[in-house]
Amino acid sequence: MTWFHKRLFPLVWFGFLVFFFVMAPFSTEDTTKRIIFMVAPFPMALFGYFLMKKLIFGLVDEVYRQQDQIICRNGDKEERFNLSDIQSALYYTHSQPAKCVLRLRRNSNFGREIEFIPKINGNIFSFNADVEQLVDDVDRLNQGRN
């Protein structure tokens with residue numbers, strides 16, 4: 001799903017706006033309507049870009065768990081760190097798609113926060129048990145520190 005959200009969705013969004021802009025001169029004889037159809041894609045592109053920058057472009061491609069280690073991959077970069085290096089783990093199920101944010105105790109190649117879309121287990125409305133387990137394990141480790 002990350003590939004769709006990071007790569008395909010922006011391509012479709014901006015492709016639609018380019019198509020809309022290119023077809024506008026041929027859409028009507030009325031010059032005012034033509035100008036409106038040619039200008040409208042620009043604020044839509046700006047709005048879409050800033051929204052995607054905030055919500056989508058910061059996502060890492062893959063996150064795996066191997067016992068007490070987390071492996072993050074984004075493009076050709078990879079980094080491993082221990083569960084004890086995670087300050088907090090949050091699982092946002094109210095967003096579409098659901099998103100997990102790992103806040104690290106130190107900077108990594110991906111920054112201090114690693115955001116990813118958990119794998120969907122069949123039903124898009126169900127929770128990901130692996131991510132819930134990760135959040136619980138990080139909470140348990142952090143409670144042991146206090």
Side-chain angles (χ1 to χ4, degrees), residues 1-27 34-146:
M1 289 302 294
T2 304
W3 181 86
F4 170 80
H5 289 287
K6 280 180 70 173
R7 310 258 175 353
L8 188 60
F9 178 71
L11 183 68
V12 169
W13 175 261
F14 292 111
F16 169 75
L17 293 177
V18 167
F19 175 78
F20 194 75
F21 178 77
V22 169
M23 295 306 294
F26 308 108
S27 64
R34 211 180 297 160
I35 291 172
I36 290 171
F37 282 122
M38 291 178 77
V39 171
F42 291 104
M44 291 174 68
L46 282 173
F47 175 76
Y49 171 76
F50 287 113
L51 191 65
M52 288 178 213
K53 184 178 177 185
K54 176 78 175 146
L55 300 175
I56 296 174
F57 294 148
L59 297 171
V60 296
D61 293 334
E62 299 174 287
V63 174
Y64 298 102
R65 181 175 179 179
Q66 288 182 341
Q67 287 98 19
D68 287 343
Q69 277 202 328
I70 300 292
I71 303 165
C72 293
R73 290 190 187 122
N74 196 26
D76 58 350
K77 288 191 221 174
E78 178 178 303
E79 185 158 357
R80 294 172 181 257
F81 48 88
N82 295 323
L83 284 182
S84 59
D85 294 333
I86 301 173
Q87 183 177 345
S88 65
L90 302 170
Y91 185 27
Y92 296 102
T93 56
H94 61 276
S95 65
Q96 187 59 20
K99 182 168 60 169
C100 184
V101 178
L102 305 177
R103 180 153 175 83
L104 304 177
R105 297 184 189 287
R106 60 175 174 78
N107 276 333
S108 71
N109 290 332
F110 310 116
R112 278 213 54 195
E113 288 189 348
I114 296 173
E115 299 180 10
F116 65 96
I117 298 173
K119 185 177 180 182
I120 297 172
N121 297 332
N123 183 357
I124 62 170
F125 299 109
S126 67
F127 299 116
N128 185 309
D130 296 332
V131 174
E132 288 185 347
Q133 184 64 48
L134 172 65
V135 171
D136 290 344
D137 291 347
V138 168
D139 285 345
R140 199 172 304 109
L141 279 171
N142 287 334
Q143 286 175 358
R145 287 178 183 261
N146 296 334

Test Leu134 against Leu102 for side chain to side chain contact (heavy atoms under 4.5 Å, CB included), laying out the working first. CA-CA 10 Å; Leu134 172 65; Leu102 305 177; 3.9 Å; yes

Show your reasoning for whether side chain to side chain contact (heavy atoms under 4.5 Å, CB included) applies to Phe110 and Cys72. CA-CA 9 Å; Phe110 310 116; Cys72 293; 3.6 Å; yes

If you apply the rule side chain to side chain contact (heavy atoms under 4.5 Å, CB included), what do you find for Gln87 with Arg112, and how did you get there? CA-CA 10 Å; Gln87 183 177 345; Arg112 278 213 54 195; 3.1 Å; yes

Verdict with supporting geometry, Lys99 and Tyr91, side chain to side chain contact (heavy atoms under 4.5 Å, CB included): CA-CA 6 Å; Lys99 182 168 60 169; Tyr91 185 27; over 6 Å; no

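Distance check: Lys6 NZ to Met52 CE gives 13.5 Å after rounding to the nearest 0.5 Å. From Leu46, atom CG reaches atom CG of Leu17 across 10.0 Å, with rounding to the nearest 0.5 Å.
Looking at heavy atoms from C-beta onward, Val63 lies out of side-chain contact with Ile71 at the 4.5 angstrom threshold. Residues Met38 and Pro25 form a side-chain contact, since some pair of their non-hydrogen atoms from C-beta on lies under 4.5 Å apart. For the pair Ile114 and Ile70, the minimum side-chain heavy-atom distance is 4.5 Å or more.
The pair Arg106-Glu79 meets the salt-bridge criterion, since a charged nitrogen lies less than 4.0 angstrom from a carboxylate oxygen. The residues Asp61 and Lys77 are annotated as not salt-bridged, no charged nitrogen and carboxylate oxygen being separated by less than 4.0 angstrom. The pair Lys119-Asp130 fails the salt-bridge criterion, with no side-chain N (NZ, NE, NH1 or NH2) lying under 4.0 Å from an Asp/Glu carboxylate O.
Residues Ser84 and Arg105 share a closest heavy-atom pair of O-NE, 3.0 Å. Between Leu59 and Asn74, the closest heavy-atom pair is O-OD1, 3.8 Å. Nearest heavy-atom pair, Gly111 versus Leu104, reported as atom, atom and distance to 0.1 Å: O-CD1, 3.9 Å. Taking each heavy atom of Pro118 and Val131 in turn, the nearest pair found is CB-CG2, 3.5 Å. Here the closest heavy-atom approach between residue Ile56 and residue His5 is recorded as CG2-O, 2.9 Å. Here the closest non-hydrogen pair linking Arg65 and Leu83 is NH2-CD1, 3.2 Å.
A donor-acceptor pair is defined here as one N or O able to donate and one able to accept, closer than 3.5 Å; such a pair exists between the side chain of Asp85 and the backbone of Asn82.
Side-chain contact check for Asp137 and Gln133: at least one donor-acceptor pair (N or O, by modelled atom type) lies under 3.5 Å.
Sorted by first and then second residue, the ring-ring contact (aromatic ring centres under 6.0 Å, His included) pairs with a member in residues 37-81 read Phe20-Phe37, Phe21-Phe42; sequence neighbours excluded.
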